[in-house]
Amino acid sequence: MENRGLKLSKYSLGTGDRFAHQAKAQLQACIQALASGVEVVPVWNKSNREHSIIGSEPASVRQAADAAVKALGWKLPYFCDADHITLETAGRFLGACDFYTIDVADFIGQAATADEIDSFVKRRPELIGRIQLEGTEEAFEITAEDLRQTAQKYLTAVKKAGEVYRTIVAAKGAGNFISEVSMDETDGAQSPVELLIILAAIADEGIPVQTIAPKFSGRFNKGVDYIGDLSQFAHEFELDVAAIAYAVSHFGLPENLKLSVHSGSDKFSIYPAIHAAMKKFNAGVHLKTAGTTWLEELIGLAEAGGDGLALAKEIYAQAFAHREELCAPYATVIDIDPARLPSPDEVRGWSSEQYTSALRHVRGAAAYNSSLRQLLHVGFKVAAKMGRRYLELLEANETVIAKNVTENLFERHIAPVFLGR
Ligand SMILES: [Zn+2]
């Protein structure tokens, strides 16, 4: 499949900006990367769910991105990602976005018909048998039964992705946007073998996919580190990268196809394995680390002291009071220990330093509190409800917030993943 039109660079960073005030500070992190010798292009992503909670429209993401690019003189590509869209939600993103994360996780496991499975197996006889992956000692042994079972589980989802893709093509024209297919928001991880078979089905569906987001094994909770077997992750990630290289050369998918890691932010302990695989296979990666810019806003407000610190405390108190309703939509991706949540009264007595060191995700720091961090991570609805009051304080404290946003993205994410340090 020839990849004409828009092309995603080898290294890209998906970043979110819930309140559309930090695009410049985020772009600054990419500028810092460039100065350190690596091109990482920014992709601003925001899902339909986030837009609904905040009360924003996709056009606001585009405006903020364009303005930041103009203000800082960024000459490389950049994109706006309609994150986790479906047929139902794609419509509102068609004007503003040039990157579409087509989410078909809900269709995984919806059985394909016998006819569909038969014709897939007939089209892809080369998948049965032994497949040696370049660059690894491993080979996949795929039986006809394995192929049928994987098709049974994933074919409907891939066909759905094709439907969404063609809807976007009808509105925007082929080549005028980047396509990603995501399957990460589901319970079970996809194995590298499954990924390979899924990619064959995506090629059959005619989707010029440039990034694919599988679900990896282990837990990817929101805003906190990875929980799982690190060596297993490293092995699986390498095989995924090798499977993608195989899919590019054998199924004719775009040559820049790469993995998209929907990190849920802050998966620091797997970053070395990701970097090592990128190096070993000369592979690109798209790292989505969307949600924590909002936490850097809170950190900046707390650091500023005065009204900023007072507001950060008030947001915690309200998030604490409404924790059940705030956590419910994220139940499968957060693990909050209620016993570790300080009372709002206690937090009211905190200094700037106490607040920021509890919230800031510095690995191994004694004061860091992952339960508090996860609660505030899902608590952005509280700030959204404050409306102008919150935004005015963001504007008044722009400098201190921007410093935290840039430093977080560059030091904690870009440097370990793209620079290997
Ligand atoms: Zn995701």
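In listed order, ligands and their atoms are each counted from 1.
- The minimum heavy-atom distance linking Val417 with Ile274 is given by the pair CG1-CG2, 4.2 Å.
- Under the 3.5 Å distance criterion, with hydrogens and angles disregarded, no donor-acceptor pair is assigned to the side chains of Gln374 and Asp335.
- A cation-pi geometry, defined here as NZ or CZ lying under 6.0 Å from the six-membered ring centre and within 45° of its normal, holds between Arg323 and Phe320.
- Ionic pairing of Lys288 and Asp83 is present here: one or more N-O contacts between side-chain nitrogen and carboxylate oxygen are shorter than 4.0 angstrom.
- Taking the side-chain contact (heavy atoms from CB on, under 4.5 Å) definition, one finds that Leu230 meets it with Tyr226, Ser269, Ile270, sequence neighbours left out.
- Side-chain N/O atoms of Asn256 and Gln210 include a donor and acceptor closer than 3.5 Å.
- Protein N/O/S atoms found under 2.8 Å from the Zn ion (ligand 1): His84 NE2, Asp184 OD2, His262 ND1.
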